[in-house]
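Here is the structure we will look at.
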Amino acid sequence: MEPQLEHRVTDSVATVVIRHPAKRNAMTAAMWRSVPPLLEELAGDPEVRALVLTGEGRTFCAGADISTLRGSPEEAQGLAVRAEEALAAFPKPTLAAIRGHCVGGGAQLAAACDLRFAEEGTLFGVTPAKLGIVYPASSSRRLVSLVGPATAKYLLFSGELIDAQRALRTGLVDEVLPEGELGKRVAEFTRVLVSRSQLTQAAAKEFADGRTDRDAHWAGQARGSGDTAEGVAAFLERRQPRFGWSVPTSG
């Protein structure tokens, strides 16, 4: 089977799987190109309330397929940045479920997710210095926002790999799970995500990502949504809330 991104939607969670086992799930140019339209499709699906990005088998993603850099490194990097930005802009919660190696373009994709859960034994690296590549400004800023300038410089200057525990200490990942427990924890946590208010999540995502011009918009959405009244009623009645607001679909 050709290298590709596979996806499925189960219980309101879209799972996108990076599949290129011959090269530890390295991303080909075609795979990079497929990311934005796939995410647009999933964002427009009202059934989808959260998205999980993972790799097939025992590794997440070893980066870009180096053979794609032989032609135009600038074009290959542009494809990766467009994929990364599309993932960062996905309007619903995103979570990277990471095993094995999360390196180069793989780390770029993981950093673009809202949350990152990793299995013990995972190795992380940001490796452009090994290839003489200037890491994109947007990707560098996103990395700094996660781990701070010192750790970002360590990763970018050296290209060295760090283990899951160091990634956890520096903020690169949010949880580290024992071997064999990642899938169970991701399923458990995404059930929590899909039960919560999409209104709260969508507004929080924009605010946390630095939007400063949407306060009035979200205040208006909150007033008209009925989610607050439903949440309070459900709490007082000791039942699960039935939130009605959903991310608007385009087109």
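Nothing here was measured: the structure is a model prediction, and the numbers come from that model.
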Kindly indicate whether the side chain of [X], heavy atoms from C-beta on, has any atom under 4.5 Å from the side chain of [Y].
X      : Y      : answer
Asp65  : Lys23  : yes
Arg185 : Glu175 : yes
Leu146 : Arg116 : yes
Asp227 : Thr200 : no
Val186 : Thr190 : yes
Tyr154 : Arg166 : yes
Glu6   : Val16  : no
Thr10  : Thr15  : no

Worksheet entry | Identified side chain to side chain contact (heavy atoms under 4.5 Å, CB included) partner of Pro128 from the options Val134, Leu156, Leu155 |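 Answer to the side chain to side chain contact (heavy atoms under 4.5 Å, CB included) test with Pro128 among Val134, Leu156, Leu155: Leu156.
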Discussion item. Under the side chain to side chain contact (heavy atoms under 4.5 Å, CB included) test against Cys61, which residue among Leu53, Thr54, Ile18 passes?
Written reply: Ile18
Fill in: Leu182 side, atom CG; Phe60 side, atom CZ - distance, nearest 0.5 Å
10.5 Å
Item to complete: Any chance you could measure Asp174, atom CG, to Leu168, atom CG, to the nearest 0.5 Å?
Response: 8.0 Å
Just to verify, what does [X] make a side chain to side chain donor-acceptor pair (under 3.5 Å) with, not counting sequence neighbours?
X      : result
Ser225 : none
Glu181 : none
Glu41  : none
Arg82  : none

Discussion item. side-chain contact (heavy atoms from CB on, under 4.5 Å), that's the test. Do Gln165 and Val176 meet it? Break it down for me.
Written reply: CA-CA 7 Å; Gln165 289 300 329; Val176 174; 3.7 Å; yes
Worksheet item: Under the ring pair (Phe, Tyr, Trp, His ring centres under 6.0 Å) test, which residues partner Phe124, sequence neighbours left out?
Response: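 Partners of Phe124 by the ring pair (Phe, Tyr, Trp, His ring centres under 6.0 Å) criterion come out as none, since no residue qualifies.
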Item to complete: For residues Leu199 and Ala222, report the shortest heavy-atom separation together with the two atoms involved.
Response: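 Looking at all heavy atoms of both residues, the shortest contact is CD2-CA, 3.7 Å.
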Discussion item. Minimum heavy-atom separation for Ala152 and Val147, please, with both atom names.
Written reply: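 Heavy atoms only, the tightest pair is N-CG2, 3.5 Å.
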Salt bridge (Lys or Arg N to Asp or Glu O under 4.0 Å) pairs, two or more places apart, involving [range]:
range            : result
residues 136-146 : Glu84-Arg142, Glu85-Arg142
residues 127-139 : none
residues 148-165 : none

Can you list, pair by pair, the side-chain donor-acceptor contacts under 3.5 Å of residues 89-105, counting residues two or more places apart and other chains?
| residue | atom | partner | partner atom | Å |
| --- | --- | --- | --- | --- |
| Lys92 | NZ | Ala43 | O | 3.2 |
| Lys92 | NZ | Asp45 | O | 3.1 |
| Lys92 | NZ | Val48 | O | 2.7 |
| Thr94 | OG1 | Asp114 | N | 2.8 |
| Thr94 | OG1 | Asp114 | OD2 | 3.1 |

Fill in: Arg211/Asp213 ion pair, N-O < 4.0 Å
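A salt bridge links Arg211 with Asp213.
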Discussion item. Check this for me: does any side-chain nitrogen of one of Glu188 and Arg191 sit under 4.0 Å from a carboxylate oxygen of the other?
Written reply: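 So Glu188 does not pair with Arg191 through a salt bridge.
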Practice prompt. State which residues pass side chain to side chain contact (heavy atoms under 4.5 Å, CB included) with Pro136; sequence neighbours excluded, sorted by chain then number.
Written response: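 Applying side chain to side chain contact (heavy atoms under 4.5 Å, CB included) to Pro136 gives Gln77, Val81, Gln108, Ser138, Ser139.
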Worksheet item: Can you name the side chain to side chain contact (heavy atoms under 4.5 Å, CB included) partners of Glu56, sequence neighbours left out?
Response: Val17, Arg19, Pro21, Asn25
Worksheet item: Which pairs count as side-chain hydrogen bond (donor to acceptor under 3.5 Å, both in side chains) when at least one residue sits in residues 228-245, sequence neighbours excluded?
Response: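 Pairs touching residues 228-245 that pass the test: Gln221-Trp245, Glu230-Arg239, Glu237-Arg239.
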